[in-house]
*Asks:* 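Here's a structure for you.
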Amino acid sequence: HNELPGLYGCDEIVKGTNKMLCVSEFIAKRMQVQANLSPKQISVVRNCISEKKFQLYDDIEKQEIREKFVKKYKIDHEKIILLFSGRITEEKGIDKLLAALKNIDKKKYFLIIIGAPLFDTNISTEFEQKVKQEVTELGSENCAFTGFIQYEEVSKYYASCDVCIVPSIWDDPAPLTIIESLKSGIPIISTLSGGIPEYLNSTAGILLNIDLNLSKNLSKAINNLISNPKKRKEMSKNARKIGNTLSSDEYYYDIIRELK
């Protein structure tokens, strides 16, 4: 699933394997070089989510959930709801997103941040404290930082939002946030990093280069989707189509096919 810093003394075991399954071509290519494997020893099985744990909702249910979140966080009905879901670490790019929001009219958006530095622990970091300070500066009328949310509840946050932002600045192999957004039919703004472009294309989102202009380009992309409801609707439809190909059934079928 992730690029490894080494083989941890298992070189001969890895080299003797019949098949290594990777979640993206990005990881497959890296592992082929790192482990000196032949192309026949490497295959890609695209990642998925558990539909039993990540519940999907119809349009009526989504509207009901959204109304609850609007009431809970006191969100102006006219605002577009943005979602960041992920670990609160530098490589996930949350600081780039917060910097981008400084160039966007606060009357137009509300950002919900869900996540923690290390999943369901009480561990805090200097980076997280910096993020919390920036959230405070944005104001509770523009942003909510929930901290860690149990996975069974996460799908409700996707159901309530209009756009999901995944501003990863590292080589993200195949982030579940992308798959969760696609399955939920949510337009995505993300980066050309790792295996992300293998899951997300321009019909369902906006992919940005990771460079010094990332925050500036995030601002442009967010403003683009905020001001274009027709585009959001079309991307939502396409996201759902892509998401339907990333089912747990298809995932297990792919594994079985590779093991034959």
Side-chain angles (χ1 to χ4, degrees), residues 1-3 21-31 42-49 51 54 56-57 59 62 80-86 91-94 96-97 100 154-155 157-159 161-211 213-251 253-254 257:
H1 182 273
N2 283 326
E3 187 175 3
L21 304 181
C22 303
V23 295
S24 62
E25 288 288 350
F26 168 78
I27 286 295
K29 290 176 181 177
R30 292 292 180 92
M31 289 307 302
I42 292 273
S43 288
V44 173
V45 173
R46 293 201 302 168
N47 219 340
C48 73
I49 57 172
E51 290 87 351
F54 189 90
L56 301 176
Y57 304 95
D59 290 340
K62 280 186 175 183
I80 294 297
I81 300 178
L82 309 174
L83 177 68
F84 173 93
S85 174
E91 65 265 21
K92 291 295 184 178
I94 179 62
K96 306 299 181 185
L97 170 56
V154 168
S155 61
Y157 285 83
Y158 284 90
C161 78
D162 298 291
V163 179
C164 186
I165 305 174
V166 189
S168 291
I169 59 172
W170 72 298
D171 288 327
D172 226 331
L176 290 182
T177 306
I178 295 290
I179 300 172
E180 291 160 353
S181 300
L182 293 169
K183 297 287 285 186
S184 301
I186 306 299
I188 305 166
I189 299 173
S190 190
T191 56
L192 290 162
S193 69
I196 290 178
E198 298 175 42
Y199 288 78
L200 175 65
N201 61 46
S202 60
T203 67
I206 299 174
L207 288 163
L208 304 172
N209 290 318
I210 302 172
D211 56 27
N213 294 316
L214 179 56
S215 288
K216 179 180 178 181
N217 290 330
L218 277 169
S219 296
K220 290 180 180 179
I222 294 168
N223 271 322
N224 183 342
L225 293 186
I226 284 177
S227 61
N228 200 331
K230 184 177 180 181
K231 187 172 186 177
R232 292 200 310 272
K233 186 175 181 179
E234 185 65 22
M235 283 186 168
S236 176
K237 182 175 69 174
N238 292 330
R240 194 172 285 109
K241 286 180 181 178
I242 297 172
N244 287 339
T245 69
L246 298 170
S247 69
S248 54
D249 285 345
E250 190 62 34
Y251 175 78
Y253 289 148
D254 285 346
R257 280 192 287 268

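Small disclaimer: the values here were computed from a predicted structure and weren't measured.
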*Asks:* Of all heavy-atom pairs between Thr245 and Glu250, which one has the smallest distance, and what is that distance?
*Replies:*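 Taking Thr245 first and Glu250 second, the nearest heavy atoms are O-CG, 3.8 Å.
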*Asks:* Partners of Tyr157 by ring-ring contact (aromatic ring centres under 6.0 Å, His included), sequence neighbours excluded?
*Replies:*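 Partners of Tyr157 by the ring-ring contact (aromatic ring centres under 6.0 Å, His included) criterion, ordered by chain and then number, come out as Phe69.
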*Asks:* Specify the closest pair of heavy atoms between Ala100 and Leu218, including all atoms of both residues, with the distance to one decimal.
*Replies:*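 Taking Ala100 first and Leu218 second, the nearest heavy atoms are CB-CB, 3.6 Å.
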*Asks:* Give the minimum heavy-atom separation between Val23 and Ala174, together with the two atoms involved.
*Replies:*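 Answer, listing the atom of Val23 first, then Ala174: CG2-CB, 3.7 Å.
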*Asks:* Carefully, step by step, assess Ile222 and Leu97 under the rule side chain to side chain contact (heavy atoms under 4.5 Å, CB included).
*Replies:* CA-CA 10 Å; Ile222 294 168; Leu97 170 56; 3.8 Å; yes
*Asks:* When rounded to the nearest 0.5 angstrom, what distance separates CG in Leu208 from CG in Asn217?
*Replies:*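 These two atoms lie 6.0 Å from each other.
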*Asks:* By the definition side chain to side chain contact (heavy atoms under 4.5 Å, CB included), identify the one residue from Ile178, Leu200, Leu83 that meets it with Val166.
*Replies:*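 So the option named by the test is Ile178.
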*Asks:* Under a 3.5 Å distance rule, please check whether Asn238 uses its side chain to pair with a backbone N or O of Thr203 as donor and acceptor.
*Replies:*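 Here the side-chain-to-backbone pair exists.
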*Asks:* Is the backbone N or O of Leu56 less than 3.5 Å from a side-chain atom of Glu51, with the two atoms forming a donor-acceptor pair by type?
*Replies:*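 Here the side-chain-to-backbone pair does not exist.
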*Asks:* Nearest 0.5 Å please: distance from the CZ atom of Arg46 over to the CG atom of Leu246.
*Replies:*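 These two atoms lie 4.5 Å from each other.
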*Asks:* Mind checking whether Ile196 and Pro175 have side chains closer than 4.5 Å, heavy atoms only?
*Replies:*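 Ile196 reaches Pro175 side chain to side chain.
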*Asks:* Where is the tightest heavy-atom contact between Leu214 and Pro167, given as atom of each residue plus distance?
*Replies:*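 Taking every non-hydrogen atom into account, CD2-O, 4.5 Å.
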*Asks:* Looking at every non-hydrogen atom in both residues, tell me the closest pair between Lys92 and Phe84 and how far apart they are.
*Replies:*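 Scanning both residues completely, I find the closest heavy atoms to be O-CE1, 3.7 Å.
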*Asks:* For Tyr158, what residues pass the ring-ring contact (aromatic ring centres under 6.0 Å, His included) criterion, not counting sequence neighbours?
*Replies:*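 Checked Tyr158 against ring-ring contact (aromatic ring centres under 6.0 Å, His included); matches are Phe54.
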*Asks:* State, to 0.1 Å, how close Leu192 and Pro197 come at their nearest heavy-atom pair, and which atoms those are.
*Replies:*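 Scanning both residues completely, I find the closest heavy atoms to be CD2-CG, 3.8 Å.
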*Asks:* Partners of Ala239 by side chain to side chain contact (heavy atoms under 4.5 Å, CB included), sequence neighbours excluded?
*Replies:*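 Here the qualifying residues are Leu182, Ala204.
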*Asks:* Between Lys183 and Glu180, does any NZ, NE, NH1 or NH2 come within less than 4.0 Å of an OD or OE carboxylate oxygen?
*Replies:*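 A salt bridge is absent here (no side-chain N lies under 4.0 Å from a carboxylate O).
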*Asks:* Does the Glu198 side chain pair with the main chain of Glu25, one donor and one acceptor, at a distance under 3.5 Å?
*Replies:*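 Present.
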*Asks:* Can you list every side chain to side chain donor-acceptor pair (under 3.5 Å) pair that touches residues 222-233, not counting sequence neighbours?
*Replies:*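 Sorted pair list comes back empty.
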*Asks:* Can you tell me how far apart CD1 (Ile179) and CG (Leu176) are? Round to the nearest 0.5 Å.
*Replies:*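 It comes to 5.5 Å.
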*Asks:* Let me confirm one number: the CZ-OG distance from Arg30 to Ser24, rounded to the nearest 0.5 Å.
*Replies:*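 These two atoms lie 10.0 Å from each other.
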*Asks:* Nearest 0.5 angstrom please: Ile186 CD1 to Cys164 SG, how far?
*Replies:*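 Going from CD1 on Ile186 over to SG on Cys164, the span is 8.0 Å.
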*Asks:* Strictly distance-based, threshold 3.5 Å: is any side-chain N or O of Thr191 a donor or acceptor partner for the main-chain N or O of Ser168?
*Replies:*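 Checking the backbone N and O of Ser168 against the side chain of Thr191, a donor-acceptor pair under 3.5 Å is found.
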*Asks:* Apply side chain to side chain donor-acceptor pair (under 3.5 Å) to Ser247 and list each qualifying residue two or more places apart in sequence or on a separate chain.
*Replies:*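 Counting only residues at least two positions away or on another chain, Ser247 forms no side chain to side chain donor-acceptor pair (under 3.5 Å).
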*Asks:* Could you tell me whether the side chain of Tyr199 and the main chain of Asn47 form a donor-acceptor pair under 3.5 Å?
*Replies:*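 Side chain of Tyr199 to backbone of Asn47, a donor-acceptor pair under 3.5 Å: yes, one is there.
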*Asks:* Ser236 side chain to Gly185 main-chain N or O, any donor-acceptor pair under 3.5 Å?
*Replies:*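 Checking the backbone N and O of Gly185 against the side chain of Ser236, a donor-acceptor pair under 3.5 Å is found.
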*Asks:* For the NZ atom of Lys96 and the CD1 atom of Ile210, what is their distance to the nearest 0.5 Å?
*Replies:*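 Nearest 0.5 Å value for the NZ-CD1 distance: 10.5 Å.
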*Asks:* Please identify each residue that fulfils side chain to side chain contact (heavy atoms under 4.5 Å, CB included) with Ser43, with sequence neighbours left out.
*Replies:*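 Per chain and number, Ser43 pairs via side chain to side chain contact (heavy atoms under 4.5 Å, CB included) with Lys19, Leu21, Glu258.
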*Asks:* Under the side chain to side chain contact (heavy atoms under 4.5 Å, CB included) rule, what do Asp172 and Thr177 come out as? Steps first, then yes or no, please.
*Replies:* CA-CA 11 Å; Asp172 226 331; Thr177 306; over 6 Å; no
